[in-house]
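See structure below.
Order of the sequence lines fixes the chain letters, A, B, ..., with proteins taken first and strands second; residue numbering starts at 1 for each chain.
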Amino acid sequence: MKIATYNVNSVNARLPVLLDWLKETQPDVACLQELKAVDEKFPMEDIYAAGYKAVWKGQKSWNGVAILTKKQHSVKVISKELPGEASDEQSRYIEAEVNGILICCLYLPNGNPVPGEKFDYKLRWMERLNTRANELKHYHLPVIITGDFNVIPQEIDAFKPENWINDALFKPESRAAFEKIKGDYWTDAIRHLHPNEVIYTYWDFFKGAFPRNAGIRIDHFLVSPSLKDKLKAAAVDKHVRSWEKTSDHAPVWIEIE
DNA sequence: ATGGCATTTAAAAAATGA
């Protein structure tokens, strides 16, 4: 079973790229972030024609998350929001049971500039995620928490870490919150399978970042203990980042036995 | 120290991203 995450940076602007990638990689599950579309503008019919059904939570202009699955898989939405802040109206979280696995698809707040209200929101959001992740330790199914975490976990995960020291993605508070969520329960699947490899999932649109491979690793998979030994493979579909009209993120996937 | 790019909304230029 192949599970992917892909920050598409506008599902409609990226539709041809998304469909080509689905056709090529054929993930069983694809978690999407940054739909940048209201629910009614989600391109359900094109995605269905490509062999997938979907559940999603959109929002005007910004954010928005979706879980795509191949048509034969069973899907049951558990939640379309992250509990803990009733006034939060940003569409950044969706959770669904897919074929006996709980899939949590998230788009964690960027948090810049630092300091400021946005950084405070990011840290509150991570505290809420920590609470939910702790609850899910007792869930009756295996769990995968995946998406755009907007956190660079370690120095190895940035082309030039010194450029990021004042950035919300690499601030000690953000990294500590990520480590706290992960704890000794969840496994960072990409890093687990490739302990010493330089792996990036995002490259700036400007500064010629992609040709220079000036990237960062911010799209992650946290898997529950029963899945850790079932991890067969993990990779970034890096070549997709070079396609026309592509996102600044590349798709990332793991394969589970 | 700054801007470089891409997208949305909406009709020019601002906001957002990471």
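- Checked by atom type, the side-chain pair Tyr139(A)/Glu97(A) shows a donor-acceptor distance below 3.5 Å.
- A 4.5 Å side-chain heavy-atom check between Tyr107(A) and Gln90(A) finds every atom pair outside the cut-off.
- A donor-acceptor contact closer than 3.5 angstrom is absent between the side chains of Trp243(A) and Asp20(A).
- Among the heavy atoms of the strands, none lies under 4.0 Å from Ile152(A).
- Take the nearest nucleotide of DNA chain B for Trp164(A) and for Val11(A): the residue whose nucleotide is more 5' is Val11(A).
- Within residues 166-176 of chain A, the residues approached by DNA chain B to less than 4.0 Å at the level of any non-hydrogen atom are Leu169(A), in residue-number order.
- As judged by a 4.0 angstrom heavy-atom cut-off over every strand, Phe149(A) is placed among residues making no nucleic acid contact.
- At least one donor-acceptor pair closer than 3.5 Å links the side chain of Lys122(A) to the backbone N or O of Ala168(A).
- Here Asn12(A) lies out of heavy-atom contact (under 4.0 Å) with every strand.
- Distance, Glu244(A) CD to dT7(B) P: 11 Å, rounded to whole Å.
- One distance of note links CZ of Phe149(A) with CG of Asp188(A); it measures 8.5 Å at 0.5 Å rounding.
- Between the OH atom of Tyr107(A) and the P atom of dT16(B) there is a distance of 12 Å, given to the nearest Å.
- Using modelled atom types, one finds a donor on one side chain and an acceptor on the other under 3.5 Å when comparing Tyr121(A) with Asp88(A).
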What does the list of N/O pairs under 3.5 Å between the protein and nucleotides 10-15 of chain B look like, with a distance for each?
none

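- Residues Tyr52(A) and Leu22(A) are in side-chain contact: their nearest non-hydrogen atoms beyond the backbone lie under 4.5 Å apart.
- Across the protein-nucleic acid pair, Asp204(A) atom CG and dT16(B) atom P stand 18 Å apart, rounded to whole Å.
- Between dT7(B) and dT2(B), the two P atoms lie 26 Å apart (nearest whole Å).
- In Lys228(A), the NZ atom is not crowded: 12 or fewer heavy atoms of neighbouring residues, nucleotides or ligands sit closer than 6.0 Å.
- Counting only distance, with no hydrogens or angles, the side chain of Asn12(A) and the backbone of Lys41(A) share a donor-acceptor pair below 3.5 Å.
- Backbone-only engagement by Asn7(A) is indicated by non-hydrogen atom pairs under 4.0 Å involving sugar-phosphate atoms exclusively.
- Between dA13(B) and dA1(B), the two C1' atoms lie 24 Å apart (nearest whole Å).
- Taking the ring centroids of Trp164(A) and Phe170(A), they lie at or beyond the 6.0 Å cut-off.
- Gln59(A) has its CD atom 14 Å from the C1' atom of dT9(B), to the nearest Å.
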Check nucleotides 2-6 of chain B against the protein and report each pair of N or O atoms closer than 3.5 Å, with its distance, or say if there are none.
residue : atom : partner   : partner atom : Å
dG4(B)  : N2   : Lys207(A) : NZ           : 3.4

Worksheet entry | Full working for side chain to side chain donor-acceptor pair (under 3.5 Å) between Asp167(A) and Asn112(A) | CA-CA 7 Å; Asp167(A) 193 286; Asn112(A) 282 304; 3.0 Å; yes
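- Nucleotides dA10(B) and dT16(B), compared at atom P, are 14 Å apart to the nearest Å.
- Between Ser10(A) and the phosphate of dT7(B), there is no side-chain N or O to OP1/OP2 separation shorter than 4.0 Å.
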Item to complete: Evaluate the side chain to side chain donor-acceptor pair (under 3.5 Å) criterion for residues Asn9(A) and His249(A): first the C-alpha distance (whole Å), next the side-chain angles of each, then the deciding distance (0.1 Å), finally the verdict.
Response: CA-CA 8 Å; Asn9(A) 188 354; His249(A) 296 249; over 6 Å; no
